[in-house]
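I have placed the structure first, in the form of structure tokens, so that the comments after it can refer back to it.
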Amino acid sequence: MSFTNGSAPRRVAFDEALARKIIDAELGREGPLLPILHALQQEFGCVPSEAEPLIATMLNVTRAEVHGVVSFYHDFRRAPAGRHVLQLCRAEACQSMGAEGSSRRLLEKLGLDWGGTTSDGNITVEPVYCLGLCATAPSAMVDGEPRGRMNAAQLDALVAELAAEGKR
Amino acid sequence: MKVFVSLDAGAIAVGAERAAKAIAAEAQKRNLEIELVRNGARGMFWLEPLVEVATPAGRIGYGPVASKDVASLFDAGFLEGRPHPLCVGLVEDIPFFKRQTRLVFARCGLADPFSLDDYRSLGGLRGLERAIALGPEEIVAEVKRSGLRGRGGAGFPTGIKWETAARAAGTKKYIVCNADEGDSGTFADRVLMEGDPFTLIEGMAIAGIGVGATQGYIYIRSEYPHAMRSMTKAIEIARGAGLLGPQVAGSKYSFDIEVRVGAGAYICGEETSMLESIEGKRGQVRAKPPLPVLSGLFGKPTVINNLLSLASVLFILSEGAQAYADFGWGKSRGTMPIQLAGNVKQGGIFECAFGITLGELVYEVGGGTSNGRPVRAVQAGGPLGAYFPPALFDTPYDYEAFAAREGLIGHGGIVVFDDTVDLARMARFAMEFCAHESCGKCTPCRIGSTRGVETIDRILAGRDIEKNVALVRDLCETLKFGSLCALGGLVPYPVLSALKYFPGDFGMAVRPAAAAVREVT
Ligand SMILES: Cc1cc2nc3c(=O)[nH]c(=O)nc-3n(C[C@H](O)[C@H](O)[C@H](O)COP(=O)(O)O)c2cc1C
Ligand code: SF4
Ligand code: FES
């Protein structure tokens, strides 16, 4: 998941003309495919499968190649995430501060596995392997905003906050 | 009245934004004129959000400041640097800070990272100016003489890499800055990009002139949105000021930089995989030869350096190779921004000359664990680094000394664990991480790592422990020798060190720790 311009991705229905415009804007770069995929995901909340043949034609590569790239990188989604994306760090420094336990408890409480979205579509919980906040572990990122010292109580408070927002 | 609150993501993560807002609001309420500067991080994250005020005696700090503390800070007269329970005194007198030799991080945290005037007045651009005066050959010679080795992990001499690229035939050459910083426990690249981005731009421009490259890329992981925005903004400012473009700082050299964003693949920190990724391909590792310096990005000669390597050349150029080499010892010259992380009381960036011992770092600098429990292990060098018990804390911080004990300093991360850590679980995690991040090119890495997870699971369940431990060791041998890159090749380090020093965690007979230690010393 990435937030290239600092805001959560929008979620609009696939629109070929718009997709073309987005792809076209990146074509001047050397090796434009990753920037294109990021830009599409920013607009549509995922890399829509309808975009793959379009990219292939515009970059003059095969659709299989495009698909191979999309599927290689953990960031690119095939379907939009929930309204909020909560990434919890699972890497070593966060583990040393008890992240595994607090993450597991949270997932259980929400009835989710890693990568799952709450049934009301409000929160997607994803694993992340280091956010570079390892001196104030455990770390999390919510909709692109970093959170440190996220012990179990802080996590609960954050999720309650997101749930309340979801109901508004 | 100048008040400083960091804009670093690590500070924001613990409330710097809220603290800054509360200070601005409170000042307005009290009709006080303050200048709120959003500076880079000082690197002392246990104090964040750290609020500093400029006083005639120097900058006085208060931290960690929650928004609810702000009114009382004003009441106490913090704007004049008066006492308050959160006061930490003169920031530069804090032992953690005072003990450092900050060459790479010399400017970080002092000023607004986007002010070129501040940058220049704090010594910025002197390296680039001298580089332009020296010309390409002398730049490369100077970097070679400094003894600088790559800070990304492998420790390859930077000057030799530059020399090879400079001599390579080619019409177009590239500088790629590796800012993928995927290792857990490391954040120096991030902090520098957010706190002193012009330093990286200057370092890359020097590299470009040195090897005759005209285009640079900074590959930043997508987990670092703040760093990405910071670099993009700084590049625009630098371009506007003529530091990048057809005539770098008014010289005859042309150089420009573009930011590229990763997509959540640890393996893209490996240099050839990174090139594939920039080219728009799956991030699969390339076989070498050809070496990237001869045929790299789009088949052109390419220097790939870690961000800290590039940031280190400013001092080398401005003060001379010898001045740099005077720090450190043996084959490890200069300084390393070491990152103390995890369960540590004083976590942050500690830049110092090579040679300090691991124990000094963990206990004296870091202050032990954050919860006061005994330290049981540290993992140095990221997810592919070894776990060291306190019995090995006499190891000096130096590439060769760590290698001699089957460890690595990697990108400078040290993750501290207390006595509740289960090293068998950490070994399992290392294998799981390898399986998760494998680029899929070699069978031992792709499949062996998953076998490793399953086998350790059987050990954790107490099934046929001796037999399964032997299997894990075999698997590690296969990984060491059957892997194309260091992901598969080094994952045995954390696994075998956990087995060696913490056999009890695997349910094996525990030998006295000293015996295991003696074997490697
Ligand atoms: C799996 C793997 C991950 C790596 N990750 C990084 C990284 O995040 N940053 C980095 O600078 N080097 C990383 N490296 C090392 C690079 O391949 C390369 O050695 C380095 O960028 C060279 O720059 P230097 O000589 O300045 O260290 C990684 C290597 C491997 C095998
Ligand atoms: S060791 Fe693993 S990550 Fe490295 S090239 Fe082989 S499969 Fe890819
Ligand atoms: S290990 Fe979790 S932020 Fe670095």
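Fair warning: this is a prediction, and the values are worked out from it, not measured in the lab. A, B, ... follow the sequence lines: proteins, then strands. Residue 1 opens every chain. Note that these values count all heavy atoms, side chains included, but never hydrogens, waters or copies made by symmetry.
Contact annotation for Asp418(B): neither backbone nor side-chain heavy atoms come within less than 4.5 Å of a heavy atom of chain A. With a 4.5 Å cut-off on non-hydrogen atoms, Ile267(B) touches chain A through its side chain but not through its backbone. For Val69(A), the parts lying near chain B are the backbone and the side chain together; criterion is any non-hydrogen pair under 4.5 Å. Residue contact with chain A, scored on non-hydrogen atoms closer than 4.5 Å, is absent for Val191(B). If you measure heavy-atom distances from Cys268(B) to chain A, the contacts under 4.5 Å come from the side chain alone. There is no contact between Glu17(B) and chain A, counting heavy-atom distances below 4.5 Å. Contacts of Glu279(B) with chain A are made by backbone atoms alone, with heavy-atom separations under 4.5 Å and no side-chain atom involved. Heavy-atom distances place both the backbone and the side chain of Ile12(B) under 4.5 Å from chain A. Residue Arg260(B) touches chain A through its side chain alone, counting heavy-atom pairs closer than 4.5 Å. Residue Ser139(A): no heavy atom, backbone or side chain, is found under 4.5 Å from chain B.
For the 3.5 Å distance criterion, the side chains of Ser277(B) and Tyr73(A) qualify, holding a donor opposite an acceptor.
Across Val261(B) and His38(A), no two heavy atoms sit closer than the pair O-NE2, 3.5 Å. Residue Pro146(A) comes nearest to His226(B) through the heavy atom pair CD-CE1, 3.3 Å, listed as atom of the first residue, atom of the second, then distance. Residues Ser222(B) and Asp75(A) share a closest heavy-atom pair of OG-OD2, 2.5 Å. Smallest separation of non-hydrogen atoms from Thr136(A) and Phe45(B): CG2-O, 3.7 Å. Across Phe187(B) and Cys134(A), no two heavy atoms sit closer than the pair CD2-SG, 3.8 Å.
In terms of heavy-atom pairs under 4.5 Å with chain A, the best-connected choice from Ala377(B), Ala430(B), Gly347(B), Pro383(B) is Pro383(B). The greatest number of non-hydrogen atom pairs below 4.5 Å with chain B, out of Gly148(A), Ser96(A), Pro35(A), is found for Ser96(A). Contacts with chain A were tallied for Gly185(B), Gly283(B), Ala227(B); Gly283(B) has the most, counting heavy-atom pairs under 4.5 Å. Options Val344(B), Leu297(B), Val14(B) differ in how many heavy-atom pairs under 4.5 Å they form with chain A, and the most are formed by Val14(B). When each of Arg147(A), Glu30(A), Arg29(A) is checked for heavy-atom pairs under 4.5 Å with chain B, Glu30(A) comes out on top. Ranking Gln215(B), Glu437(B), Glu181(B) against chain A, the residue ahead of the rest is Glu437(B), based on heavy-atom pairs under 4.5 Å.
Two rings, from Tyr129(A) and Tyr266(B), have their centers 6.0 Å or more apart.
Looking only at side-chain heavy atoms (C-beta outward), Glu92(A) and Phe417(B) come within less than 4.5 Å of each other. Taking the side chain as every heavy atom from C-beta outward, Pro225(B) and Glu145(A) never approach each other to under 4.5 Å. Here the side chains of Glu65(A) and Arg282(B) are not in contact, with every heavy-atom distance at 4.5 Å or above. Between Met97(A) and Ser370(B), some side-chain heavy-atom pair lies under the 4.5 Å cut-off.
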* For side chain to side chain contact (heavy atoms under 4.5 Å, CB included), just list the numbers for His74(A) and His436(B), CA-CA rounded to whole Å, side-chain angles, deciding distance to a tenth of an Å, and then say yes or no. => CA-CA 10 Å; His74(A) 301 303; His436(B) 188 256; 3.6 Å; yes
* List the steps and the verdict of side chain to side chain contact (heavy atoms under 4.5 Å, CB included) for Glu100(A) and Phe429(B). => CA-CA 11 Å; Glu100(A) 275 301 288; Phe429(B) 178 78; 5.9 Å; no
* Asked: How far apart are the C-alpha atoms of Gln95(A) and Ser184(B), what are their side-chain angles, what is the distance that settles it, and do they pass the side chain to side chain contact (heavy atoms under 4.5 Å, CB included) test?
  -> CA-CA 10 Å; Gln95(A) 290 188 42; Ser184(B) 165; over 6 Å; no
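More than 12 non-hydrogen atoms from other residues, nucleotides or ligands lie less than 6.0 angstrom from CZ of Arg446(B). The environment of Lys281(B) atom NZ is dense: over 12 non-hydrogen atoms of other residues, nucleotides or ligands sit within 6.0 angstrom. Within a 6.0 Å radius of CG in Asp113(A), other residues, nucleotides and ligands contribute 12 heavy atoms or fewer.
The line from CZ of Phe433(B) to SG of Cys130(A) is 9.0 Å long, rounded to the nearest 0.5 Å.
A salt bridge does not link Arg149(A) to Glu48(B): none of the charged side-chain nitrogens sits closer than 4.0 Å to a carboxylate oxygen.
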